[in-house]
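To keep things clear, I will list the structure first and then write my remarks on it.
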Amino acid sequence: MLITVGRHDEPEEQAQDEVRAQIRASHRFDSFAGERGGNDVKWHVDGHDYMWALSEMLENAEEAIFILDWWLTPELYLRRPPAHYPEWRLDRILKRKAEQGVKIHVIVYKEVTQTMAMSSKHTKNTLDKLHPNITCMRHPDHIGAKDSVEFWSHHEKVVVVDNHFAAIGGLDLCFGRWDTHTHPLADVHPTDFARTLFPGQDYNNARVMDFKEVYNYASNTLSILETARMPWHDVHMTLLGPVVLDIVQHFVERWNEVKKRKYREDQRFPWLSLPHDVEAAPNEAVARASLPLSPSLLLTPSPSGHPHLTKWREIGHQYHQRWNRKFSSGDVESGDQDAAYPIPRPGSCKVQVVRSVSDWSHGVLTEHSIQNAYIQLINESKYFIYIENQFFISATQNGDQVTNRIAGALVDRITRAYNEGAKFKVIVCIPEVPGFSGDVKNEGSLKTIMAAQYRTINRGGASIYEKLREKGIEPLDYIRFYHLRAYDRINAPWGKSFCSSSPTSPLTLAPLPDSFISKMEQNSGVKFHEAQVALARQWIGQESASNQKEVTLAMPEPTTEGIIQSEKTPVKTETVPIPQSFEEARDIVRRFESGAEGLRGDQEVSDTVAQHMLCDRTELPDEKWLGTEEEELNAYVSELLYIHSKVMIVDDDKVIMGSANINDRSQKGDGDSEICLVVEDDDKIDSFMDGQPYRAGRFAATLRRKLFREHLGLIPPQMVTNGNDCVTSFMRPAPHRNEDETRSEHDTLVMDPLDDRTVVLFQRTALENRKIFTEIFRPVPTNLVRSWAAYDNYVPKVKTGHVVPGIDLERLKGRLAGVRGALVECPLDFLIDEKDFVTGPEWRGLNPTLPIYI
């Protein structure tokens, strides 16, 4: 996987490694950083809230912005709809701040272009052209370079503003991540394109097809009239406090390491100094070595503290920081940058930074303090663990192809609870299917990842469930797994649709009465997709340097796979010209919208109905549709709600959150580079645990309850229709506190995670939702499919995500009206009769590429 070039074998390098080891040994989890008190930390659920908060953070920058990201899309709108917030596009914010004198340093992962589509080249080229104050690095180089990294990625999602404010979590600043709590699958607004939330390539469904040529923003080969977007669930944090110093240290170490390897002679990229003021704070870990060096490794002079502290201070630029200073009334001198920052009150959170780094990613020996933290927090848990993660791949014992032992820690903790006769619960939420395009049966990567997860959960010989049953423990009494799934209605489909008069009759292409959109096309002389591409050109591509003249849109016919589009899927295409100017694009959109004149109005028809999964004031059967019943039936779609969070909440008291997945890539340290925060709030609130009064940490308990309420449908919809947003507390960055919802009726329902009523509510909601989605859409995976033969018979031969044949509109509305939230059971028996699925040759060490997927 990695070719190293003679590093860590020289006496000086080994001495530096020992100093780092000393520092790590003095900290919990063997981390480079210790726990710090006095921090203000707040959580943000889903992209809408976090990205608004981030836009405020960036806009308030005075001196410096640091960004570390897996994928960064310059054309990303942080506030929406884009038509109402043109100035809040990421590249425009950064350009605005750079023109004000703010220095902006960005590091993005340089992808393997043969297998990934995010185009870090476009990211760098775009940012470099904005302003000289913006500098962007890409790393690592790949095959043929001096440091060849074929498979691993920089996966952190970090923003730091002025060494004072920071953001860490699961959300990349890229297409496909912005979403609301409502999680709409549809974004068609026939008479008012200004309400579009996901312009151009931001309307995406990775299960159907990956992004393509993201530098051509207007190009989107996914038809929004026929294909649902894949909604995105995630969590992130904003914070301020002394722990920001450790986050900045991580960034500076990465920046200087990449500069040393790639940009040493390029004067555009300055060396950076560590932020700490060791004179004011001599006890900082970077300023001391807690153990004596081995005599054989002593250097002259003897190193102390961070190996590069002195050198980087001599050659590097040091931005202001405020956390090592002794504040007093006369501490801020006239004209000092610190005048923009009043003395902060100490926050209530203790926070520790943990990470996964190694030689390839960070120029250090391997650190896997994230895995250490997960295992220790599980071992120390007393009552309850809640996990949301994009993956769940782990081992219960040594000798497996998977090496991280988070699953083993869960088995040990549950076993201890069983032996003690104590009540203990674990809930794990992961995506139904990995977020990659392809068919589960035929796409190797999907099959491998799903097999690895089932091997972790309940099969293969050493899974969590099997290990517990060996001890006489019924796993379902202690640990359960769940997914999220959503539905919506697209306004409106074409005037033709695939329909069937009975469940057994063949599918035919039958003309339906002209739809509202078809009539608008006739009246305006503009096709819907032409207007859609023009909108993308108008709001995303205004400054585009692309020479692309047209877009070829792919619109899937009925698919033999049902859940995806693959090379086997018949495809019809439509070629649409891209307007070459902003004015031309605006004119095309206006002409199309004028096509509604003289037709029925569209105001009474909702552009999304996903709000009915939450606590809406109306019910799904109340929704109007001014076309035919057949047209409306074909407008309903379903898709998995993709869980991208990387969070574990323990006992409603401690939280670990960041960029790390539960798999070897993220956890072993020498794979993907990652960063997380371990947060414990000293602000305790009155709560209950297993029916007994309990003092819970505010940060942990309120986050867990919010996530429960969203997944159970116990929150109001978050509707975004115009630029008159009510800015809630959840949309503001730290130190603005989230509104206290702990006294609300719905919050009380989920207050006690061990209360039998809460447990039953969670399990019954997931079971009933699963039954409804199975009947109406037949998604995969499912317990009804235990073999590949059953898979072939089960998967519906309909358009991707559409209603199965034989369901009438009344039945559909009646059943979907019963969906509450997006929570669904994890089907543990999917393909359980296919033994080779989890015991094939790749699991016996015969597949050298297996580490890529696990």
Note to self: Testing the 3.5 Å rule here: is there a donor-acceptor pair between the side chains of Tyr386 and Glu388?
What the structure shows: yes
Checklist line | Nearest heavy atoms of Pro796 and Phe777, plus distance in Å | finding: CG-O, 3.9 Å
Note to self: So which atom in Pro827 and which in Arg770 form the shortest heavy-atom distance, rounded to 0.1 Å?
What the structure shows: CD-NH2, 3.8 Å
Check: Roughly how far, to the nearest 0.5 Å, is the CD1 atom of Ile387 from the CD1 atom of Ile406?
Finding: 7.5 Å
Notebook entry, point to check: Are Glu639 and His183 close enough, and set up right, to give a side chain to side chain donor-acceptor pair (under 3.5 Å), and what steps lead you there?
Noted result: CA-CA 10 Å; Glu639 185 54 86; His183 298 295; over 6 Å; no
Next item on the list: Compare every heavy atom of Gln667 with every heavy atom of Asn661, then report the nearest pair and how far apart it is.
Entry: O-NE2, 2.9 Å
Note to self: Which heavy atom of Pro231 sits nearest to which heavy atom of Asp179, and what is that distance?
What the structure shows: CA-OD2, 3.3 Å
Check: Taking all non-hydrogen atoms of both residues, which atom of Ala206 and which atom of Gly435 are closest, and how far apart?
Finding: CB-O, 3.5 Å
Margin query: Side chains of Glu156 and Ser673: any donor to acceptor distance under 3.5 Å?
Written below: yes
Next item on the list: Would you check if there is a donor-acceptor pair between the side chains of Ser394 and Asn404 at a distance under 3.5 Å?
Entry: yes
Check: Any Lys/Arg nitrogen of Lys646 or Glu674 sitting under 4.0 Å from an Asp/Glu carboxylate oxygen of the other?
Finding: no
Notebook entry, point to check: According to the interplanar angle, ranging from 0 to 90°, do the rings of Phe830 and Tyr454 count as parallel (below 30°), tilted (30 to 60°) or perpendicular (above 60°)?
Noted result: tilted
Margin query: Over 60° means perpendicular and under 30° means parallel, so tell me whether Tyr203 and Phe198 are parallel, tilted or perpendicular.
Written below: perpendicular
Note to self: Parallel, tilted or perpendicular, judged at 30° and 60°: which one describes the rings of Tyr465 and Phe481?
What the structure shows: tilted
Next item on the list: Find the distance between CG (Asn205) and OG1 (Thr227) and round it off to the nearest 0.5 Å.
Entry: 7.5 Å
Checklist line | Lys NZ or Arg CZ of Arg704 over Phe708 ring: under 6.0 Å, within 45° | finding: yes
Check: Does a donor on one side chain and an acceptor on the other come within less than 3.5 Å for Glu75 and His122?
Finding: yes
Notebook entry, point to check: Do you know which two heavy atoms are closest between Asn458 and Leu828, and how far apart they sit?
Noted result: ND2-O, 2.9 Å
Checklist line | Lys/Arg N to Asp/Glu carboxylate O, Glu226 vs Lys799, below 4.0 Å | finding: yes
Notebook entry, point to check: For Arg254 and His154, what are the C-alpha separation, side-chain angles and deciding distance, and is it a side chain to side chain donor-acceptor pair (under 3.5 Å)?
Noted result: CA-CA 10 Å; Arg254 175 71 49 76; His154 289 305; 3.1 Å; yes
Check: Parallel, tilted or perpendicular: which describes the rings of Phe32 and His250, with under 30° parallel and over 60° perpendicular?
Finding: tilted
Note to self: Does this structure show an ion pair linking Arg355 with Glu253, if we count only N-O contacts that are shorter than 4.0 Å?
What the structure shows: yes
Margin query: Which label fits Tyr642 and Trp232: parallel for a plane angle under 30°, tilted from 30 to 60°, or perpendicular past 60°?
Written below: tilted
Item checked: Test applied, side-chain contact (heavy atoms from CB on, under 4.5 Å); reference residue, Arg405; option that passes from Leu410, Thr396, Ile375 -> Ile375
